[in-house]
Amino acid sequence: MIQNNPYKFAKETFAALVYDAYRAAVAAGELPDAETAAPVVEVPRDAQNGDLSSTFALAAAKPLRRSPKMIAEAILKHMAAHELFCDYSVAGPGFLNVRFSNAWYHCVLSTVEAHGEEYGKDDIGGGKRVMVEFVSANPTGPMHLGNARGGVIGDSIASVLDRAGYKAHREFYVNDAGNQVDNFARSIEARYIQRLRGEDAVEFPENGYHGDDIKELAEELVALYGDTYLDVDSETRRNDMQIFGLKKNIERMKKDLARYGINYDCWFFESSLHDSGYVKETIDLLEERGMLYEKDGARWFKASEFGAEKDEVMVKANGFYTYYAVDIAYHRNKFCERGFDKVIDALGADHHGHTIRFRSGISALGLNPDQLEFILFQLVDLKRNGESVRMSKRTGKMISLSNLLDEISVDAARFFFNMRQCNTHLEFDLDLAVREDSDNPVYYVQYAHARICSLLKKLAETGLSPTAVEKLDLSLLSEPSERLLIKQIAQLPEEIRLAARDLEPYRMTKYLIDLATAFHSFYTEVNIKSAEQATACARLALADATRSVLKNVLTLLKISAPEVM
């Protein structure tokens, strides 16, 4: 009856009852007939006022030319009985309130039982194909903390979208062409020559990469090929070293991300856009649409005509395409060649300028810029002993994703990086992430799951196991902690819907903490083992439903749900 969203169904039902009662009051001559807005139903902040509340009477006061309280009291007289509700009332200046009946609470647990792992899913996405591009770090060095946060955010958004009825596609864009890759190859070449002939044998490139990872790649080349490349022409040597270095780094990226629980549907290579002529085709298309002009020997895009602060160079005077030109071609490929209904780019906050620039290019190509969305996430400040940390204790180098996962669990990393809204600064407490107590939020949530599993096991030894909800008298779950826990369980589908709508997966970790808090309160305040048989069975069913929901959301976030801790 409630399908898969108990709160949504209850809100819609109550809204319909309120409007029907208004029409009945009109028919009885107690209220004037006027055009009014549809009833709005919300969950009151204070449960003392009821479980649901409608502001219809307040909104209708002006068109009906009556006081809100008079309207609400007239409507109250005509409110029809419904199995999901009890105790209709009017409060304050004209709020229409209602409480859930035992039937609603029963339906919540029946819904969880019926849907199991599917509980919480929604169909608002309607099967639309959505690409989520995230991390997309240059393959010229290790992934850093920004990639660590962006990785979790992007991956979790894709998971939430899947649960909300979209078909999410995860993509990593590999910048394997352009100046940065050329500098990467020159850096490896210089370190290779220096390793064999000494530091002074060759000058290191001015824009080269100075990290130890470049030296390690050079060492691998020496180990594999000795001094063979000293006798090869520079162009061939750099080309081979570029291929070697990119292959090694991309393999390392894939390994680190897989360890992090992230696996992509596609690793899309920038070079494929050049090799296929797609960048040229895109520039030609802009040219045909009259969107380019020449200045100082370069071809410029009229970006300012589409809301950007300034025009952008697309083709340099030397004939090379700019990064912007390639990025526009890439986004055109997402929509035109692969047919995604929506494209989401997860970027660091320093890429804010990309939002307008990319949408300008999309608009100029005749595409809908509203189909392109951006998630801009803020920086991460690692803390240890209350002080900022920039270097790895083990390596003495800047902390990379790999370093981080050597210090803390993947579960902690994925939970902590998802605990704040994307656009807020994140302080990541390393000491807290490894603690095994209730102060550590991921431990607190996982412990709730393990606690229930332990409870189920112990009670099973006494002959008490979960019973089908339809056979239980759930009216016995009348304690405040029991009702609060059921209402928290019922919130999951709405939280998933909102997380998908707003592209804010932090709602999932907040939901887990709230659910775990509600369970721990329930566990502390009521007794299952010593309760009368019918009450014990009802409480056990509630505990088991909580376990199921905790596992559902932890699994969505790719965090383990341990049965023993």
**OP:** Could you check K128 against K342 for side chain to side chain contact (heavy atoms under 4.5 Å, CB included), going step by step and ending with a plain yes or no?
**Re:** CA-CA 8 Å; K128 290 181 180 177; K342 179 180 286 190; over 6 Å; no
Original post:
Is the ring centre of Y330 less than 6.0 Å from the ring centre of Y323?
Top reply: no
**OP:** State yes or no: are the ring centers of Y173 and Y264 separated by less than 6.0 Å?
**Re:** no
Original post:
Passes side chain to side chain contact (heavy atoms under 4.5 Å, CB included), L426 versus L379? Steps please.
Top reply: CA-CA 6 Å; L426 176 68; L379 298 175; over 6 Å; no
With a 4.5 Å cut-off on side-chain heavy atoms, are [Y] and [X] touching?
| X | Y | answer |
| --- | --- | --- |
| R547 | P466 | no |
| E133 | H169 | no |
| L161 | I344 | yes |
| S521 | T524 | no |

For the residue pair [X] and [Y], does the interplanar ring angle fall in the parallel (under 30°), tilted (30 to 60°) or perpendicular (over 60°) class?
| X | Y | answer |
| --- | --- | --- |
| F374 | F358 | tilted |
| F100 | Y105 | perpendicular |
| F428 | F417 | tilted |

Is there a donor-acceptor pair under 3.5 Å between the side chain of [X] and the backbone N or O of [Y]?
| X | Y | value |
| --- | --- | --- |
| T55 | L58 | no |
| T322 | V313 | yes |
| D544 | A541 | no |
| N97 | G50 | no |
| R191 | L217 | no |
| R420 | H425 | no |
| D256 | S402 | no |
| Y119 | I489 | yes |
| R507 | A500 | no |
| R483 | L477 | yes |

**OP:** Decide yes or no on side chain to side chain contact (heavy atoms under 4.5 Å, CB included) for T546 and Y523, but give the supporting numbers first.
**Re:** CA-CA 11 Å; T546 306; Y523 187 84; over 6 Å; no
Side chains of [X] and [Y]: is there a donor and an acceptor less than 3.5 Å apart?
| X | Y | value |
| --- | --- | --- |
| S159 | R170 | yes |
| D411 | Q446 | yes |
| N418 | T509 | no |
| T517 | Y444 | yes |
| D327 | H354 | no |

Are any of the side-chain nitrogens in [X] or [Y] under 4.0 Å away from the carboxylate oxygens of its partner?
| X | Y | result |
| --- | --- | --- |
| D122 | R501 | no |
| K247 | E251 | yes |
| K8 | E494 | no |
| R259 | D406 | yes |
| R252 | E216 | no |
| D182 | R186 | yes |

Original post:
CD1 of I214 to CZ of F204: how many Å apart, nearest 0.5 Å?
Top reply: 6.5 Å
Original post:
SG of C422 to CG of D502: how many Å apart, nearest 0.5 Å?
Top reply: 10.5 Å
Original post:
Of all heavy-atom pairs between L557 and S156, which one has the smallest distance, and what is that distance?
Top reply: CD2-OG, 3.9 Å
Original post:
Do you know which two heavy atoms are closest between R149 and Q378, and how far apart they sit?
Top reply: NH1-O, 3.0 Å
**OP:** Please step through side chain to side chain contact (heavy atoms under 4.5 Å, CB included) for the pair D155 and Y260, ending with a clear verdict.
**Re:** CA-CA 10 Å; D155 195 40; Y260 203 24; over 6 Å; no
Just wondering, more than 12 heavy atoms not from [X] lying within 6.0 Å of its [atom1]?
| X | atom1 | result |
| --- | --- | --- |
| F335 | CZ | yes |
| K558 | NZ | yes |
| E563 | CD | no |
| K551 | NZ | no |

